[in-house]
2 protein chains.
Amino acid sequence: MPSKKDPKTVCQVVCFNAAKVSKIKKRIHTVEKVNAIAAIFQALSDATRMKIILSLRESELCVCDISQVLGMSLSAVSHQLRVLRNLRLVKYRNEGRMVFYSLNDSHVVNLIDDVIEHSLHS
Amino acid sequence: MPSKKDPKTVCQVVCFNAAKVSKIKKRIHTVEKVNAIAAIFQALSDATRMKIILSLRESELCVCDISQVLGMSLSAVSHQLRVLRNLRLVKYRNEGRMVFYSLNDSHVVNLIDDVIEHSLHS
DNA sequence: CCCATAGTTGAACGGTTGTTCAACTATAGT
DNA sequence: ACTATAGTTGAACAACCGTTCAACTATGGG
């Protein structure tokens, strides 16, 4: 029952720094938006969605154009666009039957550029 | 068989801008590191790993301390640390039986701060 | 030498997630 | 009004991912 004190599951008193732990525990808890943060990263964690964003960086595009660029079905693209829409990473604009998508702000591109830079020198 | 030209799967000529598409297609292909980029984002897309990084931002910690902070088993933490290690997001240092982890560079923290800022005003 | 403990690892299980398929909405042209 | 097409949506299936469990390595103390 007291799994908190079960050895091999959680380590014994010897190693852990109680003061440090409780301090950090509090700080982490303060950032309760951990899930919100992770959600943003998750939206960018899929190759398809990453390609969509890299495409939209170049130009505003209709769903059909995106599906052509990626070589994927309209449906698949539409599903992924929804994810990006829900997180307000992209915005859209109707024009007749077509829907044009574009990046919601340049913030995301900066993020991606930072990651590219990171993956370069590592 | 020619699913590329199958209506309802990929849109017809009317809507798509061939020049634009092929230009972007080439650009996207140039960035063939799409998977590498997505992998970095994926490492940060999990709440557990995000908490680990936020913890390590505060201080170097042994695995046991991290498991205390998160209230998770040593095994679960160790598995996630491996993901972060493989992507060189964290580094480690042995000291007797214990292993101390720390952030590999401040790059990651900047990324997270950017995302926090983004999720604030949106 | 032996035991306890910090940490790692592989297999397995359950939940999540991406794509496909089919059905649907809506707009444009005739 | 009818047909064709751009796009969305829900269900279903497969692949992926995080946690648990058990077995393992390795270090330190008696």
Side-chain angles (χ1 to χ4, degrees), chain A residues 3-17 21 34-35 38-39 41-52 60-68 70-87 90 92-101, chain B residues 3-17 21 34-35 38-39 41-52 60-68 70-87 90 92-101:
Chain A
S3 67
K4 284 287 182 66
K5 287 176 181 173
D6 191 22
K8 283 185 181 166
T9 299
V10 165
C11 66
Q12 297 300 77
V13 198
V14 198
C15 85
F16 94 88
N17 185 328
V21 165
V34 174
N35 288 321
F41 282 109
Q42 202 207 17
L44 304 171
S45 72
D46 175 68
T48 298
R49 289 191 293 268
M50 181 57 63
K51 284 179 202 157
I52 291 177
E60 178 189 59
L61 293 170
C62 67
V63 183
C64 175
D65 283 342
I66 299 174
S67 89
Q68 286 287 332
L70 305 197
M72 292 179 64
S73 71
L74 278 176
S75 177
V77 171
S78 182
H79 277 297
Q80 298 309 332
L81 281 170
R82 182 147 82 134
V83 176
L84 298 174
R85 250 191 290 129
N86 287 343
L87 284 163
V90 300
Y92 62 98
R93 170 176 78 78
N94 287 54
E95 188 174 319
R97 272 177 294 190
M98 301 182 342
V99 182
F100 284 91
Y101 281 84
Chain B
S3 68
K4 282 288 180 64
K5 288 178 180 171
D6 192 21
K8 283 184 180 165
T9 299
V10 165
C11 64
Q12 298 301 76
V13 197
V14 198
C15 85
F16 94 86
N17 185 328
V21 165
V34 174
N35 287 321
F41 281 108
Q42 203 207 15
L44 303 171
S45 72
D46 176 68
T48 298
R49 288 192 293 268
M50 181 57 64
K51 283 180 201 157
I52 290 176
E60 179 190 59
L61 293 170
C62 67
V63 182
C64 175
D65 283 342
I66 299 174
S67 89
Q68 286 286 332
L70 305 196
M72 292 178 65
S73 72
L74 276 177
S75 178
V77 170
S78 182
H79 277 296
Q80 300 308 331
L81 281 170
R82 180 147 80 137
V83 176
L84 298 173
R85 249 191 292 129
N86 287 342
L87 284 162
V90 300
Y92 62 98
R93 170 176 76 80
N94 286 54
E95 188 173 319
R97 272 176 296 189
M98 300 182 346
V99 181
F100 284 91
Y101 281 85

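Below, chains carry the letters A, B, ... as their sequence lines are ordered, and counting in each starts from 1.
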Item checked: Heavy-atom closest contact (Ser73(B) atom, Ala76(B) atom, distance) -> OG-N, 3.0 Å

Margin query: Over all strands shown, is Asn94(B) touching base, sugar-phosphate only, or nothing at heavy-atom distances under 4.0 angstrom?
Written below: nothing

Next item on the list: Rounded off to whole Å, could you give me the CE-to-P distance for the Met72(B) and dC21(D) pair?
Entry: 12 Å

Next item on the list: Could you walk me through whether Ile66(B) and Leu81(B) pass the side chain to side chain contact (heavy atoms under 4.5 Å, CB included) test, one step at a time?
Entry: CA-CA 10 Å; Ile66(B) 299 174; Leu81(B) 281 170; 4.3 Å; yes

Next item on the list: May I ask you to say what Tyr101(B) touches in the nucleic acid, namely base, sugar-phosphate or nothing, with a heavy-atom cut-off under 4.0 Å?
Entry: sugar-phosphate

Check: Rounded to whole angstrom units, what separation is found between the CE atom of Met50(A) and the P atom of dG18(C)?
Finding: 13 Å

Item checked: Euclidean distance, atom CG of residue Asp46(B) to atom C1' of dC17(D) [Å, nearest integer] -> 9 Å

Next item on the list: Measure the distance from CG on Leu84(A) to C1' on dT17(C) and round it to the nearest whole Å.
Entry: 14 Å

Notebook entry, point to check: Met98(A) CE to dA28(C) C1': how many Å, rounded?
Noted result: 12 Å

Notebook entry, point to check: Looking only at side-chain N and O atoms, does Gln80(A) come under 4.0 Å of OP1 or OP2 in dT17(C)?
Noted result: no

Notebook entry, point to check: Could you give the CZ-to-P distance, from Phe41(B) to dC17(D), as a whole number of Å?
Noted result: 17 Å

All N/O pairs under 3.5 Å across the protein-nucleotides 9-11 of chain C interface:
from	atom 1	to	atom 2	distance (Å)
dT9(C)	O4	Ser75(B)	OG	2.7
dG10(C)	O6	His79(B)	NE2	2.8

Name every donor-acceptor pair, under 3.5 Å, that has one atom in a side chain of residues 44-51 of chain A and the other anywhere in the protein, sequence neighbours excluded.
from	atom 1	to	atom 2	distance (Å)
Ser45(A)	OG	Gln42(A)	O	2.7
Asp46(A)	OD2	Thr48(A)	N	3.1
Asp46(A)	OD2	Arg49(A)	N	3.2
Arg49(A)	NE	Ala43(A)	O	2.7
Arg49(A)	NH1	Gln80(A)	OE1	2.6
Arg49(A)	NH2	Gln42(A)	O	3.1

Next item on the list: Kindly compute the distance separating CD (Glu95(B)) from CZ (Phe100(B)), expressed to the nearest 0.5 Å.
Entry: 5.0 Å

Under-3.5 Å N/O pairs linking protein and nucleotides 26-30 of chain D:
none

Next item on the list: Would you mind reading off the distance between Arg93(A) atom CZ and dA6(D) atom P, rounded to a whole angstrom?
Entry: 17 Å

Notebook entry, point to check: Rounded to the nearest Å, what distance is computed from the CG atom of residue Asn86(B) to the P atom of nucleotide dC17(D)?
Noted result: 13 Å

Next item on the list: Might you work through the side chain to side chain contact (heavy atoms under 4.5 Å, CB included) test for Arg82(B) and Ser78(B), ending with a clear yes or no?
Entry: CA-CA 6 Å; Arg82(B) 180 147 80 137; Ser78(B) 182; over 6 Å; no

Checklist line | Side-chain (Asp65(B)) to main-chain (Asn17(A)) donor-acceptor, under 3.5 angstrom | finding: yes

Next item on the list: Measure the spacing between CD of Gln68(B) and CG of Leu61(B) and express it to the nearest 0.5 Å.
Entry: 11.0 Å

